[in-house]
Each structure stands twice: as C-alpha cells, then as structure tokens.
Amino acid sequence: MAPSFEQPAEALARALIGVTLLFHDVGGEIVETEAYDAGDPASHSFAGPRQRNATMFGPPGHAYVYRIYGLHHCFNVTCGAGAAVLIRALAPTHGVAAMRARRGMDDLSRLCSGPGRLCAALGIDLSVDGTDLRAPPFTWVERRGDPPIAAGRRIGISRAVDRPWRFGLVDSSFLSRPISSDDTVPAPRLSK
DNA sequence: CACCAGATCTTCT
DNA sequence: GAAGATCTGGTGG
C-alpha cells in the first residue's frame, strides 16, 4: 500500500523513513530523505514552473527525476504545489544481485547510499520522470511502528543551508553521510 | 581518512 | 560563462 503522498514535504519526508520502495521488484528500505517546496530557495521549484521541474507542479504521488552534474540522476516523490521529497538512501533488501550488477560493485554499504547511487542501482533515469508512483513498476511496503528519526542540514546545496530538512533513520549504516544524533526528533504517529 | 580534480551537460545569469 | 539536491578514483597523512 502506497503512503499518503498529499502532505507537506517536511511531513512526507519523515513519513517515508522506514518505508520500503521497489522499482521492478528491486530496492529497499528508505533510510534518508530531504524535503523541498516552492517557498524554499534551495528548491528547483522556487523560481516557478519551468520545463525541467514541470512534474513538481503536477499531482502528488508522481516521480520527479532530473539529471544532475550532467551524468547522475536524482529521484523525488512529488507531494503537490511544487513540493517534493528527494530519496537519498536505501537499505538494500530486494534484488541485491541486480543492483550489484548495475553498479558494478559489491559493497552493500554504498550500493544505494546517495541519490545518484540509488538511481543507478534501481535503473531509474529520465524516462521515469512524471510516472505514477501508485502503480507498477512501483511497489510500496508500509513500515512497522515509528522508527527513530534524526533531522539535520541538507547536503550539496548553497541556499537555505540552515533549514533542517534532511531526515535519516537513526544509526542506520546506509546513510549517505552521518546525521548528528543531537537533533533526533519523534516520528509522526501511525494510525493503528 | 581527508582532500581534490575530473567527468559531463542542462539550466540559469 | 558558471553553477549545480553527485560520484569516483587519485594523492597525501
């Protein structure tokens, strides 16, 4: 069952930690995310709709994929009104052999730990941009309970650098970079 | 382990 | 012309 995508980016970024994301039955548990919205100077949507960011201004629950630095890809989940959540790292669980083959490496701890790395491992490229996340080839597995979540500064940006909109599963060994455990925050309540 | 350059190209100034 | 929501392989400690 897919998560509820239509919510503020910061809330969705937290709600996705611990959820399992599969693309063509390959993927893992989301352990790191970042939030971006239209009022955020660091967001691609900040300057308004453009050709590249059109998907961000489309309906929630779709894939916003863009090319970065000319050679890598980044995968985001849209959540409406120009907002989206960047998926930064997965703990590999499904199709590990396929991911290792695509990445040409064995090291589990770096297989999907980084936005470009996970796109390469799952085979996500520009052709995925704009597609519906609530239908195949995407599959979602809900998380169990409320995982401990840390918040910190986003990575690789130069504007709004102090906004603590990066979220990570506490003590996960699959983060792209450590998050200070000083700013651990409670996860949102799940309806039981 | 830290730091640095190179890859490679679209978008923005 | 420069910067960018990055990754990898090299060099030096």
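Residue numbers begin at 1 in each chain, while the letters A, B, ... track the order of the sequences. Note that this is a predicted model, so its numbers are computed, not measured.
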Asker: Tell me: CG of A/D107 to C1' of C/dT8, nearest whole Å?
Answerer: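 Going from CG in A/D107 over to C1' in C/dT8 covers 13 Å.
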Asker: DNA chain C: A/R110 or A/Y66, which has the more 5' nearest nucleotide?
Answerer: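 Of the two residues, A/Y66 wins.
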Asker: Would A/L12 end up clustered with A/I87 when hydrophobic side chains under 4.5 Å apart are linked, directly or stepwise?
Answerer: yes
Asker: So what does A/R166 touch, heavy atoms closer than 4.0 Å: a base, only the sugar-phosphate, or nothing?
Answerer: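 A/R166: no heavy atom of the nucleic acid under 4.0 Å.
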Asker: Where the side chain of A/H44 is defined as all heavy atoms beyond and including C-beta, which of C/dT8, C/dA5, B/dC12 is the nearest nucleotide?
Answerer: C/dA5
Asker: Please give me the minimum heavy-atom distance between A/M99 and A/G27, naming the atom from each residue.
Answerer: CE-O, 3.6 Å
Asker: Answer yes or no: does a side-chain N or O of A/R159 lie under 4.0 Å from OP1 or OP2 of C/dA5?
Answerer: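 The answer is no; no side-chain N or O of A/R159 sits under 4.0 Å from OP1 or OP2.
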Asker: Is the aromatic ring centre of A/Y69 closer than 5.5 Å to the centre of the six-membered base ring of C/dG4, with the two planes inclined by less than 30°?
Answerer: no
Asker: How long is the line joining CZ of A/F167 and C1' of C/dA5, in whole Å?
Answerer: 15 Å
Asker: Take the angle between the ring planes of A/F138 and A/F23 and call it parallel below 30°, perpendicular above 60°, tilted in between.
Answerer: tilted
Asker: In the structure I gave you, are the side-chain heavy atoms of A/L16 and A/P3 within less than 4.5 Å of one another anywhere?
Answerer: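 With C-beta onward as the side chain, the pair touches.
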Asker: Let me know the distance between NE2 of A/H73 and P of C/dT6, rounded to the nearest Å.
Answerer: 14 Å
Asker: Does either side chain, that of A/N53 or that of A/S45, offer a donor lying less than 3.5 Å from an acceptor on the other one?
Answerer: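 Looking only at side-chain atoms, A/S45 and A/N53 do not form any donor-acceptor pair under 3.5 Å.
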Asker: Is A/A42 touching bases, backbone alone, or none of the nucleic acid, heavy atoms closer than 4.0 Å?
Answerer: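 Answer is base: heavy atoms of A/A42 come under 4.0 Å of a base.
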Asker: Exactly one of A/R153, A/R154, A/R88 should register a salt bridge (charged side-chain N to carboxylate O under 4.0 Å, His left out) with A/E34. Which one does?
Answerer: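 Only one of A/R153, A/R154, A/R88 forms a salt bridge (charged side-chain N to carboxylate O under 4.0 Å, His left out) with A/E34, namely A/R88.
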Asker: Can you check the A/E32 CD to C/dT6 P distance for me, whole Å?
Answerer: 10 Å
Asker: Might you confirm whether atom CZ of A/R177 has over 12 heavy atoms from other residues, nucleotides or ligands at distances under 6.0 Å?
Answerer: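 Atom CZ in A/R177 is not packed in, count stays at 12 or less.
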Asker: Expressed in angstrom and rounded to an integer, what is the separation of A/H72 atom NE2 from B/dT10 atom P?
Answerer: 15 Å
Asker: So how far is it from A/Y36 OH to A/L86 CG, rounded to the nearest 0.5 Å?
Answerer: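 Going from OH on A/Y36 over to CG on A/L86, the span is 5.5 Å.
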Asker: Expected output check: what is the dot-bracket annotation of DNA chain B, where ( ) and [ ] are pairs inside the strand (brackets for crossing ones), | is paired with another strand, and pairs are Watson-Crick or G-U under 3.5 Å?
Answerer: |||||||.||||.
Asker: What's A/R67 touching, base or sugar-phosphate or nothing? Going by heavy atoms closer than 4.0 Å.
Answerer: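 It contacts nothing in the nucleic acid.
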Asker: To the nearest Å, how far apart are A/R177 CZ and C/dC7 P?
Answerer: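 From A/R177 CZ to C/dC7 P: 11 Å.
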Asker: Measuring from the side chain of A/L71 (C-beta onward, heavy atoms only), which nucleotide among C/dT8, C/dG4, B/dT8 has the closest atom?
Answerer: B/dT8
Asker: Taking atom P of C/dA5 as reference, at what distance in whole Å does atom CD1 of A/I87 sit?
Answerer: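 So the CD1-P distance, A/I87 to C/dA5, works out to 17 Å.
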Asker: Output the single nucleotide from C/dT6, B/dC12, C/dT8 whose closest atom is nearest the side chain of A/R50.
Answerer: B/dC12
Asker: It should be established whether A/S158 places a side-chain nitrogen or oxygen under 4.0 Å from OP1 or OP2 of nucleotide C/dG4.
Answerer: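 A/S158 to C/dG4 OP1/OP2: side-chain N or O found under 4.0 Å.
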Asker: If I take atom CZ in residue A/F46 and atom P in nucleotide C/dG4, what distance separates them, rounded to the nearest angstrom?
Answerer: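 Distance check: A/F46 CZ to C/dG4 P gives 15 Å.
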